[in-house]
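Computed from a prediction, not measured in an experiment: that's the story for all the values here.
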Amino acid sequence: CSGDIGRPYCNLATDICVQCLSSQDCTSADKPDCLVGSGICVGCEADSECPSDRPYCDVNGTHACVQCLTNADCPAPQVCALNICTPLPS
């Protein structure tokens, strides 16, 4: 796997090349965590890893820190649209 650009580590259990085997292998500031099961570097694995302006980790999608996941995450009368709190449409 050392010659495989972007996937330099070998997952010995599955015998495939992956981006990471642990979070230590993820060197990008915007994707510091390794999803060990899939071997990819992601932005977050839990809300606790997210900054206050993007407090939710989209663990069922992009694994990125976002403003909201549902309308309940936004202050009224805003709604969650594409993970951003936005005013209600007129």
Side-chain angles (χ1 to χ4, degrees):
C1 289
S2 62
D4 193 334
I5 297 173
R7 298 182 306 161
Y9 303 98
C10 184
N11 181 329
L12 297 177
T14 60
D15 199 31
I16 60 170
C17 298
V18 294
Q19 286 181 344
C20 58
L21 297 172
S22 74
S23 291
Q24 291 178 339
D25 300 329
C26 299
T27 57
S28 173
D30 64 329
K31 293 186 177 182
D33 293 321
C34 181
L35 283 181
V36 176
S38 58
I40 59 170
C41 295
V42 296
C44 61
E45 293 185 78
D47 293 346
S48 61
E49 299 172 344
C50 295
S52 60
D53 63 330
R54 292 174 288 119
Y56 302 101
C57 182
D58 184 8
V59 296
N60 294 317
T62 62
H63 280 273
C65 293
V66 296
Q67 277 188 346
C68 59
L69 297 171
T70 69
N71 291 342
D73 299 331
C74 298
Q78 295 184 347
V79 294
C80 185
L82 300 174
N83 300 117
I84 298 170
C85 292
T86 58
L88 280 169
S90 305

Original post:
Can we say the SG-SG distance for Cys85 and Cys68 is below 2.5 Å?
Top reply: no
Subject >> Sub-4.5 Å side-chain heavy-atom contact between Val36 and Ser22 >> reply: no
Original post:
More than 12 foreign heavy atoms under 6.0 Å from CG of Asp30: is that the case here?
Top reply: yes
Original post:
Between Ile84 and Val66, is a side chain to side chain contact (heavy atoms under 4.5 Å, CB included) present by the stated rule, with each step listed?
Top reply: CA-CA 7 Å; Ile84 298 170; Val66 296; over 6 Å; no
**OP:** Considering non-hydrogen atoms only, spot the tightest contact between Thr14 and Ile16 and give its length.
**Re:** OG1-CG1, 3.0 Å
**OP:** Quick one: do Cys26 and Cys20 satisfy disulfide bond (SG atoms under 2.5 Å apart)? Show the steps, please.
**Re:** CA-CA 6 Å; Cys26 299; Cys20 58; 3.8 Å; no
**OP:** Any chance you could measure Ile40, atom CD1, to Cys34, atom SG, to the nearest 0.5 Å?
**Re:** 8.5 Å
Subject >> Heavy-atom closest contact (Pro87 atom, Val79 atom, distance) >> reply: O-CG2, 4.4 Å
Subject >> Shortest non-hydrogen contact from His63 toward Glu45 >> reply: ND1-CA, 4.4 Å
**OP:** With rounding to the nearest 0.5 Å, note down the distance linking CG in Asp25 to OG1 in Thr27.
**Re:** 9.0 Å
Original post:
Looking only at atom types and distance, does a side-chain atom of Asp47 sit under 3.5 Å from a main-chain N or O of Cys57, one as donor and one as acceptor?
Top reply: yes
**OP:** Would you kindly say whether the two SG atoms, from Cys44 and from Cys50, are closer than 2.5 Å?
**Re:** no
Original post:
Shortest non-hydrogen contact from Leu35 to Val42?
Top reply: CD1-CG1, 3.7 Å
Subject >> Note, Ser23 side chain near Asp33 side chain (heavy atom, < 4.5 Å) >> reply: yes
Original post:
Of Cys41, Ser28, Ser38, which is the lone residue that meets side chain to side chain contact (heavy atoms under 4.5 Å, CB included) with Gln19?
Top reply: Cys41
Original post:
Yes or no on side chain to side chain contact (heavy atoms under 4.5 Å, CB included) for Asp73 and Gln67, after CA distance, side-chain angles and deciding distance?
Top reply: CA-CA 8 Å; Asp73 299 331; Gln67 277 188 346; over 6 Å; no
**OP:** Give a yes or no on whether the backbone of Cys74 and the side-chain of Gln78 come within a donor-acceptor separation of less than 3.5 Å.
**Re:** no
**OP:** Working to the nearest 0.5 Å, report the span between CG of Asn83 and OG1 of Thr62.
**Re:** 6.5 Å
